[in-house]
Amino acid sequence: MIPLSLLTSAFGVGLQYDSQNQMIELSYNGKVIKLSAGSKQAWVNSSPVTLTASPEVKSGKTMVPLTLLTQVMGLQAIVDAKTKDVSIVGSRQEEIAAAGVSLDSDLGKTMIGDSYYGWSMKYPTGFVNDPKQPYARLISKDSGGWVYEERAYQSRDRIFYVTLVIYDEADFRNPAKYSGYKDLLDSFTLSYPKGSSTVKDLSTVEGNFRWYTQEDMGLKLKVPANWQNSYNQAFTQFSSADGRQWIKVKITSKEEGLTLEDWAKRHEQMYRDQINESYLKVDSAPASTMVAGVPAIEQKFSSSDGAFWYSEHDFFFFKGNYKVYVEIAYDPEATEQEKKELVQTIKQSLTVNQSAMNPAMGEIADDDLVDQDQMATIKFAEQKFSISIPEHWKEIRGDGITKTYEFLGGNAMILAGPGKIAAVRKEVEQSIKENSSSYAYLIKDNKPITVAGANGYKLYVVGNNDGARFEKTIYLLETGKNMYMIAFTVSEWVKTKAIEQRLQKIIDSIQFTDGK
């Protein structure tokens, strides 16, 4: 047995190691040899061969049988009869670029599976009909004639879906062909044969974390294995099942002249504008660090939504023409070791490769730069009424006379239609009374007002929803045959001077028109 390192140093043999499958790949003078420690089975240019001995790891070094060199690689071994010295003779090949050598991790695999989630199935041939677990089965066909066979298996708190798509319905109806499909599906089992070299492990889990790659952004990092991807067009986010822990990565274009310090200060001010000072703590001043191989700033915050407090660890850094924001929120009740492991694992694993980004990404706008007070005018022509609201608010309902919008920590409803204010006011007060036990409603103000020449009433109500306090401000106005209701619901944790000024700006924008 000789050290594998001898081949690379003396003969320029190309070497790669697949840690997932514990397979070694050697490349020498047109031959690609694949082998693994503890197995006599090897492959030369994809053809199986049997070695005289199994490669072994001794004192941290991989040892391979001398016959690998002489019989497989074509090198010559000369033994000195007197001294017993062994000389290995052969030509040194030109160095091979790593990119030109790729391991076929499927070599020798007859199954696929996931060691983390605990399942496996035969792949790609030689299946057996041996279902070991009850399942739900659904057969469907789409308008294009494709047939889908879907199966759902349950194991504790997880459901596994296996879906087979058959492009031609005739193949599905053909007993001979369907037999092969059925064998494939029936090979699925809710167990994983640990230690088997015949199973290709699809799991990307390492310890308590798994790798995530976002190719368009050139982003790669480790995230907690049991967190779920909360898909969002503006950023990448993974969250825990209870929603109280998360990681958010946001990549946007860097503005000319922007410094890390200015960016961090701007972000802190945004928090102060959005979150009531009683619900926000700046736990640390910005500090310098390194992330993804470049200088970065880190800062800690704590904030509450009225029901829970969240601890947050943020990183800011530039990568080429882009700025990268990383937000890690962890359970305040977690141990210091758990918090440290979460932050350090994400920080150390995160990379952003600008050269690998999709060229079509181009300029990526940062919605943090959106003017929160940029207004859009909403017109109710038949009711001769108009009102302006912030452009960034999201419309969640619009059916003609009623429109509803949501924003951070609250919502707004605008109603315009025929009716009398007295009747509507009575209904509103009755609704508040009926729900007072559920939401601890308390009317703090109920007074007559005049807005844009229209008379009406303003009701100010406070309430409590599972420990989270909120307030409702309801404006009821009437002109001619029409009545108008503008209602704002705002959680106490977002009640800042900025939101109060914004809501007043909306009321000040009200106009009663001639219908144009």
Side-chain angles (χ1 to χ4, degrees), residues 15-21 97-103 105 114 116 201-240 245-255 258-261 263-264 267 286-300 312-330 338-368:
L15 182 147
Q16 280 202 79
Y17 182 67
D18 181 353
S19 59
Q20 180 175 337
N21 298 295
V101 182
S102 62
L103 280 171
S105 59
D114 192 302
Y116 177 76
D201 192 353
L202 304 180
S203 174
T204 58
V205 174
E206 296 179 2
N208 297 320
F209 294 83
R210 60 186 167 96
W211 282 102
Y212 170 77
T213 302
Q214 221 287 10
E215 294 183 354
D216 282 344
M217 293 292 189
L219 172 67
K220 185 177 181 181
L221 76 160
K222 283 184 176 180
V223 300
N226 59 346
W227 286 15
Q228 296 298 312
N229 195 339
S230 306
Y231 294 97
N232 189 299
Q233 291 183 338
F235 47 79
T236 297
Q237 179 168 327
F238 286 83
S239 306
S240 61
Q245 300 182 81
W246 64 83
I247 173 174
K248 178 192 296 185
V249 181
K250 186 177 182 180
I251 301 177
T252 55
S253 294
K254 176 179 176 290
E255 305 95 80
L258 181 68
T259 66
L260 285 175
E261 291 75 15
W263 182 22
H267 184 81
S288 298
T289 186
M290 295 288 290
V291 180
V294 296
I297 280 181
E298 65 178 319
Q299 192 170 18
K300 298 178 183 179
E312 184 179 308
H313 202 126
D314 297 346
F315 295 97
F316 308 80
F317 63 93
F318 299 142
K319 201 71 173 179
N321 300 325
Y322 297 92
K323 59 183 192 288
V324 184
Y325 168 69
V326 182
E327 179 181 300
I328 305 170
Y330 40 74
E338 290 171 334
K339 296 176 185 178
K340 183 178 179 180
E341 181 187 19
L342 176 64
V343 173
Q344 288 298 108
T345 299
I346 293 171
K347 178 182 177 182
Q348 294 173 4
S349 67
L350 189 147
T351 58
V352 179
N353 185 354
Q354 186 179 1
S355 63
M357 285 185 178
N358 186 338
M361 299 304 295
E363 192 80 10
I364 307 175
D366 187 350
D367 55 11
D368 287 348

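- Screening K248, K250, H267 against Y325 for a side-chain hydrogen bond (donor to acceptor under 3.5 Å, both in side chains) leaves a single residue, H267.
- V249 has its side chain out of reach of M217: every pair of non-hydrogen atoms, C-beta onward, lies at least 4.5 Å apart.
- In this structure, the side chains of N353 and T351 stay at 4.5 Å or more apart for every pair of heavy atoms.
- Rounding to the nearest 0.5 Å places CD1 of I364 at 14.5 Å from NZ of K254.
- Remark: Q214 CD to T236 OG1 distance equals 5.0 Å, nearest 0.5 Å.
- The distance from the CH2 atom of W263 to the CG atom of D368 is 9.0 Å, given to the nearest 0.5 Å.
- For the pair R210 (side chain) and A225 (backbone), a donor-acceptor distance under 3.5 Å is present.
- Using a 4.5 Å cut-off on side-chain heavy atoms (C-beta onward), F235 and E327 make no contact.
- Considering only heavy atoms from C-beta on, F209 comes within 4.5 Å of L342 through its side chain.
- Of all the heavy atoms in F316 and L260, the pair that sits closest is O-CD2, 3.6 Å.
- Not counting sequence neighbours, K300 has no partner by the salt bridge (charged side-chain N to carboxylate O under 4.0 Å, His left out) test.
- Side-chain contact, K323 with T252: a donor N or O sits under 3.5 Å from an acceptor N or O.
- Taking a 6.0 Å sphere around CD of E215, one finds it holds 12 or fewer heavy atoms contributed by other residues, nucleotides or ligands.
- To the nearest 0.5 angstrom, D314 atom CG is 8.5 Å from I328 atom CD1.
- Under a 3.5 Å cut-off, the side chain of S253 and the backbone N or O of E363 do not form any donor-acceptor pair.
- Between K319 and Q354, the shortest heavy-atom contact is O-OE1, 3.7 Å.
- Applying the ring-ring contact (aromatic ring centres under 6.0 Å, His included) test to Y212 and every residue at least two apart in sequence or in another chain returns F238.
- Contact annotation: the side chain of S239 never approaches that of W227 to less than 4.5 Å [non-hydrogen atoms, C-beta and beyond].
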